[in-house]
Amino acid sequence: MEPIYTESFTITHTAVDRFRRLKLSQLLALCQEVAGSHFAILNADKESLEEKGLFWAVIRQRLEITRLPNLGETVTVKTWPMPTTRVAYPRATVGLDAAGNELFKVISLWVIMDIQSRTMIRPDRSGVDVEGTVLGGELAAPAGLNFKDLPKETLRTVGFTELDVNGHMNNTRYLDWLCDLLPSDFHREHPMKAVTICYLNEALEGQQVHLHWDNGSVLQVEGSVAKTDVNSGHTKIFTAQVEF
């Protein structure tokens with residue numbers, strides 16, 4: 001068992017925004033990449049799960065940012081699994097700058113899904129055992145988000161480049177959509193300090209996603225798609241809250 005996995009990255013042009021700060025979506029992508037590398041060491045990587053007809057998905061994440069790294073910086077990312085719960089595999093991640101100062105920390109709730117049925121498999125029925133570690137100082141797992149009276153609406157369509165290897169959008173691409181709701185002038189003066197995002201259902205290629213949102217003291221967003229059966233209404237696919 002390797003309790004902590006560490007990997008370093010240099011921030012490139014393709015990973016930053018117009019102000020040379022690491023994009024929020026790329027930050028979470030780094031966290032997912034190091035988690036995937038660690039799962040491989042733990043014999044719970046994507047390929048091992050696919051042989052069992054399963055795949056990993058992230059359903060909730062909480063990200064707190066001390067400082068977004070800039071273009072050209074080297075970031076050291078450390079990650080470790082925490083004790084498995086009844087339904088999920090929590091994972092903590094911390095990013096450090098070259099001097100060892102904390103840049104960000106993340107808590108992610110990973111779950112195992114059945115490839116065919118697209119339903120969640122509980123850890124005690126998955127056959128996947130990941131030993132957890134608690135170092136102290138980890139973020140608490142986020143609760144669900146429920147919003148009312150979000151007055152603004154933006155319509156987005158899921159395109160090919162927004163799909164991951166599981167054929168749907170994941171939280172990293174939702175974060176790009178969140179950032180697009182606000183203009184450059186706002187982002188210049190208000191770097192993001194914390195994000196909570198809850199993945200609820202799949203968004204597939206070609207689907208139109210209704211983003212209901214409001215940007216008062218925080219940015220609150222709910223994404224939904226129209227139901228495909230005879231029932232009216234929408235199905236929520238994600239909720240998110242961003243603090244500046």
Side-chain angles (χ1 to χ4, degrees), residues 1-7 9 25-63 77-94 106-135 138-144 158-175 197-207 223 225 228-229 235-239:
M1 168 67 179
E2 296 290 341
I4 303 175
Y5 177 80
T6 302
E7 192 168 347
F9 302 86
S25 60
Q26 291 297 309
L27 191 160
L28 281 192
L30 288 181
C31 294
Q32 291 186 12
E33 184 171 338
V34 295
S37 298
H38 196 199
F39 279 134
I41 295 173
L42 302 177
N43 298 316
D45 55 302
K46 179 180 182 296
E47 290 72 22
S48 297
L49 262 63
E50 284 181 346
E51 292 177 358
K52 303 176 181 179
L54 307 172
F55 69 93
W56 285 112
V58 182
I59 57 170
R60 289 183 188 174
Q61 289 173 296
R62 170 72 178 177
L63 164 64
V77 182
K78 297 184 176 182
T79 186
W80 58 97
M82 297 179 67
T84 302
T85 69
R86 187 175 65 86
V87 297
Y89 299 80
R91 176 170 283 272
T93 306
V94 174
V106 183
I107 182 74
S108 302
L109 297 184
W110 292 71
V111 298
I112 290 179
M113 305 287 292
D114 183 276
I115 290 176
Q116 297 300 322
S117 67
R118 316 301 273 189
T119 57
M120 191 170 65
I121 307 297
R122 284 178 15 191
D124 60 353
R125 298 179 179 178
S126 69
V128 178
D129 183 27
V130 177
E131 184 179 346
T133 300
V134 177
L135 300 182
E138 293 94 342
L139 296 178
V158 181
F160 167 75
T161 61
E162 292 162 324
L163 304 175
D164 64 12
V165 294
N166 295 317
H168 59 217
M169 286 188 69
N170 65 28
N171 289 349
T172 63
R173 298 316 303 262
Y174 290 140
L175 288 179
I197 185 164
C198 301
Y199 179 100
L200 302 174
N201 288 287
E202 291 184 304
L204 306 175
E205 185 172 7
Q207 284 187 316
V225 296
T228 57
D229 57 22
T235 298
K236 290 183 184 180
I237 58 171
F238 79 93
T239 54

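Position 1 is the first residue of the sequence, and the numbers go up from there.
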Inset, instruction - Hey, could you give me each pair passing salt bridge (Lys or Arg N to Asp or Glu O under 4.0 Å) that has a residue in residues 108-120? Not counting sequence neighbours. - result: Arg118-Glu202
Inset, instruction - Can you measure from CD (Glu162) to CE (Met169) and round to the nearest 0.5 angstrom? - result: 4.5 Å
Inset, instruction - Identify the two heavy atoms, one from Leu163 and one from Leu204, that lie closest to each other, and give their separation to 0.1 Å. - result: CD2-C, 4.5 Å
Legend entry - Nearest non-hydrogen partners of Glu7 and Ser37, listed with the distance: OE1-OG, 3.7 Å
Inset, instruction - Taking the side chain as every heavy atom from C-beta outward, state whether Glu131 and Pro3 have any atom pair closer than 4.5 Å. - result: no
Inset, instruction - Could you verify whether a donor N or O on one side chain and an acceptor N or O on the other, from Ser25 and Arg173, lie under 3.5 Å apart? - result: no
Legend entry - side-chain hydrogen bond (donor to acceptor under 3.5 Å, both in side chains) involving Glu205 - partner list, sequence neighbours excluded: none
Legend entry - Close side-chain approach of Cys31 to Thr79, heavy-atom, < 4.5 Å: no
Legend entry - Donor-acceptor contact below 3.5 Å, side chain Ser108 vs main chain Trp110: no
Inset, instruction - Measure the CG-CG distance between Leu175 and Asn170 for me, rounded to the nearest 0.5 Å. - result: 9.0 Å
Inset, instruction - Report yes if the side chains of Val34 and Tyr5 come closer than 4.5 Å at any heavy-atom pair, otherwise no. - result: yes
Inset, instruction - Would you indicate whether the side-chain heavy atoms of Asn171 and Ile197 approach each other to under 4.5 Å? - result: yes
Inset, instruction - Grab the two heavy atoms, one from Cys198 and one from Gly144, that are nearest each other, plus how far apart they are. - result: SG-CA, 4.0 Å
Legend entry - Which atom of Ala88 lies closest to which atom of Val111, heavy atoms considered: CB-CG1, 4.0 Å
Legend entry - Partner residues of Glu50 under the side-chain hydrogen bond (donor to acceptor under 3.5 Å, both in side chains) criterion, sequence neighbours left out: Lys46
Legend entry - Asp129 CG to Asn43 CG distance, which is reported to the nearest 0.5 Å: 11.5 Å
Inset, instruction - Output all residues satisfying side-chain contact (heavy atoms from CB on, under 4.5 Å) with Arg125, sequence neighbours left out; order by chain, then residue number. - result: Ile121, Arg122
Legend entry - Contacts of type side-chain contact (heavy atoms from CB on, under 4.5 Å), residue Glu138, not counting sequence neighbours: Trp80, Met82, Ala92, Val134, Leu135
Legend entry - Residue pair Ile115 / Leu54, side-chain heavy-atom distance below 4.5 Å: no
Inset, instruction - Would you mind reporting whether Lys52 and Val128 have side-chain heavy atoms less than 4.5 Å apart? - result: yes
Inset, instruction - For Val106 and Leu63, run side chain to side chain contact (heavy atoms under 4.5 Å, CB included): C-alpha distance rounded to whole Å, both residues' side-chain angles, the deciding distance at 0.1 Å, then the answer. - result: CA-CA 4 Å; Val106 183; Leu63 164 64; 3.4 Å; yes
Inset, instruction - Under the ring-ring contact (aromatic ring centres under 6.0 Å, His included) rule, collect the residues that match up with Tyr89, sequence neighbours excluded. - result: Trp56
Legend entry - Check: Phe238 ring centre within less than 6.0 Å of Tyr174 ring centre: yes
Inset, instruction - Let me see the working for Val77 and Thr93 under side chain to side chain contact (heavy atoms under 4.5 Å, CB included), right down to the final yes or no. - result: CA-CA 7 Å; Val77 182; Thr93 306; 3.4 Å; yes
Inset, instruction - Let me see the working for Gln61 and Leu28 under side chain to side chain contact (heavy atoms under 4.5 Å, CB included), right down to the final yes or no. - result: CA-CA 9 Å; Gln61 289 173 296; Leu28 281 192; 3.5 Å; yes
Inset, instruction - Write down the atom of Pro90, the atom of Thr84, and the distance for their closest heavy-atom approach. - result: CD-CA, 4.1 Å
Inset, instruction - Compare every heavy atom of Lys236 with every heavy atom of Asn201, then report the nearest pair and how far apart it is. - result: ND2-O, 2.7 Å
Inset, instruction - Kindly say whether His168 contributes a backbone atom to a donor-acceptor pair with the side chain of Asn166 at under 3.5 angstrom? - result: no
